[in-house]
Structures are given as structure tokens and as C-alpha cells.
Amino acid sequence: MPSRKGEAGDGAGPALLQLRGVSRTYGERQALHPLDLEVPAGTCTALFGHNGSGKSTLLRIAGGRDEPTTGTALFDGKVIDEDDPEVRARVAVVGDTVACYPDLSVRDHLRLITVAHDVADAEGWIDRVLADRRLGGHAHHLPGALSSGQLQAFLLAAALVRPRDLLVLDEPEQRLDPESRRRLGALLIGEKEDGVAVLLATHQADLARAVADRVVALEDGKVVASGDPATVLDQLGGHQ
Ligand SMILES: Nc1ncnc2c1ncn2[C@@H]1O[C@H](COP(=O)(O)OP(=O)(O)OP(=O)(O)O)[C@@H](O)[C@H]1O
């Protein structure tokens, strides 16, 4: 992966991501009740829950794209602020949209990201990430010409051509075919081996079993189960 600007540590110190008493209210709606969550470097936590259970809300806070109504969200010991250059440099977020320029190709988008993050040997990284995501034949296409699964792979590629110590992903398995899903699992295991802290929301129990060290189940914005994947997923019936 492109060299990181910060060091993730060896996992022995405080967790890279720490949420303490974090809640989020939208008007009258309590999307998240106060919760604590820690994701150490080199580990993966998977959020599980039905539509509307609060997963994306939690991910937005963890990625610095939203602020908690109460509580504190810390990245590497500092309050997460999207405008903090360190957060921008070290936290990569894979959401369900990307700010696309309709006239720029897939490769040009990825180039812009590598320039912003000062990545050495950018073209080499871009080629590798495109090939790994099975987008090699689409480098010169415009985003509007991608299928929904290819667009999902492109969103992932945008996070992978840049350095990162925390990777936040919102249902990255959506719209991927079986081979791309298999590669996604292998990718996330590789991220952990590289010392990256991974936080993802998923509806796919198999993915959580394969990559997560911890599963947190949410229901109506509350944590209803938390622990090792086998225990929590069995408790949930393993088929949410
Ligand atoms: N910007 C917003 N304004 C008002 N309510 C919101 C907003 N964002 C989310 N909500 C509400 O907060 C609750 C949690 O939504 P959230 O998107 O976090 O759920 P989710 O678990 O990610 O769902 P899904 O699996 O469908 O993506 C929902 O009831 C939703 O309607």
C-alpha cells in the first residue's frame, strides 16, 4: 500500500479509533443511543443491523463526516475533525457515493487522489489497484459508463490508492459479484496485516465471519450484541 504518513502503532497502546458515549440525534429521531466502540490498529470491527439501525450514522462519525450529538470520537487520541490534515491523511472512507467529475476518467480520478496524498510511484499503484479490483479494462471509462458493481469497485479503489491507517467502509459488498466479494474479503484481511484499523458495516454474515475480530449488532440505534463474530452472528441467527 502507499506509504503512510502516520504510524498505526503495534496495537498495544490505545485503540486507533475510540468512540466514547457517542450518540446522534436528528431532530426528534435518536439515530444512535450512547455507545462505546474501540477499533485497535490491525483489527476489524463489523457493524451488523437492519436498515435504519444506525450503522451509516456511526460510520459517518467515525470517518469525521459528522459530529456526535453527545460523547467523543477520537482518532489516535485526538477528537476527529474532517478538516484536520492528519485525519484527511490517515482516514480513508468508502461510502456509497464519490464526488465524481463527469468528464474525468476512472484513472484520472485516482490520479487526483494520489496527487492529493503525495503518493510515490502513483501510476504503479493505480495499475495494481485497478487490476486487483478487476477494473483494468475500465481505466479510461468515465464514471457514468460504469455498471453499478464496477462503480462500487471504483469507490473501493479510490480508498486504496492512498495511504490509510483507518479504513471505514459502508456495505462495501453491495453490488459486487461473487469473485469481487471474495477479493474484498482477502483485501480486508490484507489491510489488517498491514496494521490498518478497519470498521465496516455489512449485511453479509460470511464477510463478517471471514474478516472481523469483533461484530457489533445494532438495533434502533442501540448495541444489542457485541463480541466475537461466531458468537454474535449465531446469536443473531447469522442471516441478517
Ligand atoms: N440526515 C438525516 N436526517 C434525519 N434522519 C436521519 C438522517 N440520517 C439518518 N437518519 C435516520 O437515522 C436512522 C439510522 O439511519 P442509518 O442510515 O444510520 O441506518 P443504517 O443502519 O445505515 O441503514 P441501512 O442499512 O439502510 O444503510 C434512520 O431512522 C434514518 O432515517
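Counting starts at 1 for both ligands and their atoms, following the listed order. When reading the values below, keep in mind they use all heavy atoms of this one structure, side chains included, and skip hydrogens, waters and symmetry mates. All residue numbers in this chain count up from 1 along the given sequence.
- Salt bridge annotation for Arg209-Asp234: present, with a cationic side-chain nitrogen under 4.0 angstrom from a carboxylate oxygen.
- Below 4.0 Å from some heavy atom of Thr57 lie the following atoms of ligand 1, by number and element: 14 (C), 15 (O), 16 (P), 18 (O).
- The CG atom of Leu110 lies 9.5 Å from the CD atom of Glu123; values are rounded to the nearest 0.5 Å.
- For the 3.5 Å distance criterion, the side chains of Ser23 and Thr69 fail to qualify, holding no donor opposite an acceptor.
- Each of the following atoms of ligand 1 lies closer than 4.0 Å to a heavy atom of Ser53: 19 (O), 20 (P), 21 (O).
- Surrounding NZ of Lys222 are at most 12 heavy atoms belonging to other residues, nucleotides or ligands under 6.0 Å away.
- Here Arg60 has side-chain heavy atoms under 4.0 Å from ligand 1, and that is the only part of it that gets that close.
- Residue Gly52 has at least one nitrogen or oxygen atom sitting less than 3.5 Å from a nitrogen or oxygen atom of ligand 1, judged on distance alone.
- Proximity of Glu38 to Arg214: side-chain heavy atoms (C-beta onward) are nowhere separated by under 4.5 Å.
- Applying the 4.0 Å criterion to heavy atoms of His50 picks out, from ligand 1, the atoms 21 (O).
- Put simply, the side chain of Val211 does not reach to within 4.5 Å of the side chain of Leu184, judged on heavy atoms.
- Using a 4.0 Å cut-off between a side-chain N of Lys or Arg and a carboxylate O of Asp or Glu, Arg134 and Asp177 qualify as a salt bridge.
- When Gln174, Arg29, Gln30 are ranked by how near their heavy atoms come to atom 29 (O) of ligand 1, first place goes to Arg29.
- Among protein heavy atoms, atom 26 (O) of ligand 1 sits closest to Asn51 ND2, 3.0 Å.
- What sits closest to atom 25 (O) of ligand 1 on the protein, heavy atoms only, is Lys55 NZ, 2.8 Å.
- Taking 4.5 Å as the limit, some side-chain heavy atom of Pro163 sits within range of a side-chain heavy atom of Val119.
- The contact set between ligand 1 and His203, taken as ligand atoms under 4.0 Å from a residue heavy atom, comprises 25 (O).
- Listed by number with element, the atoms of ligand 1 under 4.0 angstrom from any heavy atom of Ala31 are 12 (O), 13 (C).
- Protein heavy atoms are absent from the space less than 4.0 angstrom from atom 31 (O) of ligand 1.
- Heavy-atom proximity to Glu171, at under 4.0 Å, picks out these atoms of ligand 1: 24 (P), 25 (O), 27 (O).
- At the shortest separation from atom 9 (C) of ligand 1 among protein heavy atoms lies Tyr26 CE1, 3.4 Å.
- Ser56 CB, 3.6 Å is the protein heavy atom nearest to atom 17 (O) of ligand 1.
- When ring centroids are compared, Phe154 and His109 come within the 6.0 Å threshold.
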